[in-house]
Amino acid sequence: QVQLAESGGGSVQAGGSLRLSCAASGSTANTASMGWFRQTPGKEREGIAAIYAGDGSTYYHDSVKGRFTISQNDAKNTLYLQMNSLKPEDTGIYYCAAAWVRYCSGDYCLSRGQFNYWGQGTQVTVSS
């Protein structure tokens, strides 16, 4: 089992920055692959960034490439999402997720089906 707890959400003006954190706990939390997902009203939850434990490879949704960065602390028990140049369309609930699969390639790497555990989410609001 892996328990996940997000923090760092809030309100910011367009062009601003936020850093989300996700604390992972559980006996094998530090060996899991991790990801960030975003959900907005009327839309399905979509993967925006992921990091795979086997080789540290990272994947980003096209809409956030060059603006968001996913990272972990050395102990691999805290996941971060640095969000820069925020836009109003980045508004949503951001969820942290953990996966047992350690490697990935291709479009499936940001798919919900890859991930086994989910946090409760943190709200991010970007105003224009």
Handout entry: Gap between atom CZ of Arg112 and atom CZ of Arg45 - 0.5 Å precision
Key = 5.0 Å

Problem - Closest contact, heavy atoms only, Gly35 versus Ile70 - result: CA-CD1, 4.3 Å

Fill in the blank from the handout: Note: Glu6 and Gly121 closest approach over all heavy atoms is OE1-N, 2.9 Å

Problem - For Ser21, side chain to side chain donor-acceptor pair (under 3.5 Å) partners two or more places apart - result: none

Handout entry: Members besides Tyr80 in its Ile/Leu/Val/Met/Phe/Trp/Tyr cluster (side-chain heavy atoms under 4.5 Å)
Key = none

Exercise for the section: Check for a donor-acceptor pair, side chain of Asn73 on one end and backbone N or O of Thr78 on the other, with a separation under 3.5 Å. Expected result: yes

Completion exercise
Sequence neighbours excluded, the answer for ring pair (Phe, Tyr, Trp, His ring centres under 6.0 Å) partners of Phe115 is Phe37

Fill in the blank from the handout: By ring pair (Phe, Tyr, Trp, His ring centres under 6.0 Å), Tyr59 pairs with (sequence neighbours left out) Tyr52

Handout entry: side-chain contact (heavy atoms from CB on, under 4.5 Å) involving Ala14 - partner list, sequence neighbours excluded
Key = Pro88, Val126

Problem - Partner residues of Asp62 under the side chain to side chain donor-acceptor pair (under 3.5 Å) criterion, sequence neighbours left out - result: Lys65

Problem - Closest contact, heavy atoms only, Cys22 versus Met34 - result: SG-CE, 4.3 Å

Handout entry: 4.5 Å side-chain heavy-atom contact, Leu86 and Phe68
Key = yes

Exercise for the section: Mind listing the closest non-hydrogen atom pair of Ala53 and Ser33 along with its distance? Expected result: N-OG, 2.9 Å

Exercise for the section: Identify, with sequence neighbours excluded, every residue that meets ring pair (Phe, Tyr, Trp, His ring centres under 6.0 Å) alongside Tyr117. Expected result: Trp100

Fill in the blank from the handout: Rounded to the nearest 0.5 Å, the CD atom of Gln39 sits from the CD1 atom of Ile48 at a distance of 12.0 Å

Practice task
Kindly indicate whether the side chain of Tyr60, heavy atoms from C-beta on, has any atom under 4.5 Å from the side chain of Leu110.
Solution key: no

Practice task
Report yes if some heavy atom in the side chain of Arg19 is under 4.5 Å from a heavy atom in the side chain of Met83; otherwise report no.
Solution key: no

Exercise for the section: Could you note down all residue pairs passing salt bridge (Lys or Arg N to Asp or Glu O under 4.0 Å) where residues 67-81 supplies at least one of them, sequence neighbours left out? Expected result: Arg67-Asp90

Problem - Residues forming a side chain to side chain donor-acceptor pair (under 3.5 Å) with Tyr94, sequence neighbours excluded - result: Arg38

Problem - With Gln123 via side-chain contact (heavy atoms from CB on, under 4.5 Å) - residues at least two apart - result: Thr91, Ile93, Thr125

Exercise for the section: Could you give me the CA-CA distance, side-chain angles and deciding distance for Leu20 and Val124, then say whether side chain to side chain contact (heavy atoms under 4.5 Å, CB included) is met? Expected result: CA-CA 9 Å; Leu20 304 183; Val124 171; 4.0 Å; yes

Handout entry: Nearest heavy atoms of Leu81 and Ala49, plus distance in Å
Key = CD1-CB, 4.1 Å

Practice task
Enter the distance from Cys96:SG to Leu79:CG here, rounded to the nearest 0.5 Å.
Solution key: 5.0 Å

Exercise for the section: Report the residues that fulfil side chain to side chain donor-acceptor pair (under 3.5 Å) with Ser17, sequence neighbours left out, ordered by chain and then residue number. Expected result: Asn84

Handout entry: Value rounded to 0.5 Å, distance of CZ in Arg102 from CG in Asp55
Key = 9.0 Å

Practice task
Would you check if Asn116 and Val2 make a side-chain contact, meaning some heavy-atom pair closer than 4.5 Å?
Solution key: no

Exercise for the section: Applying side-chain contact (heavy atoms from CB on, under 4.5 Å), name anything that partners Glu89, two or more places apart in sequence or on another chain. Expected result: Lys87

Fill in the blank from the handout: So CG of Leu18 and CD of Gln82: to nearest 0.5 Å the spacing works out to 8.5 Å

Practice task
Report yes or no: do Trp36 and Val101 belong to one cluster of Ile/Leu/Val/Met/Phe/Trp/Tyr joined by side chain heavy-atom distances under 4.5 Å?
Solution key: no

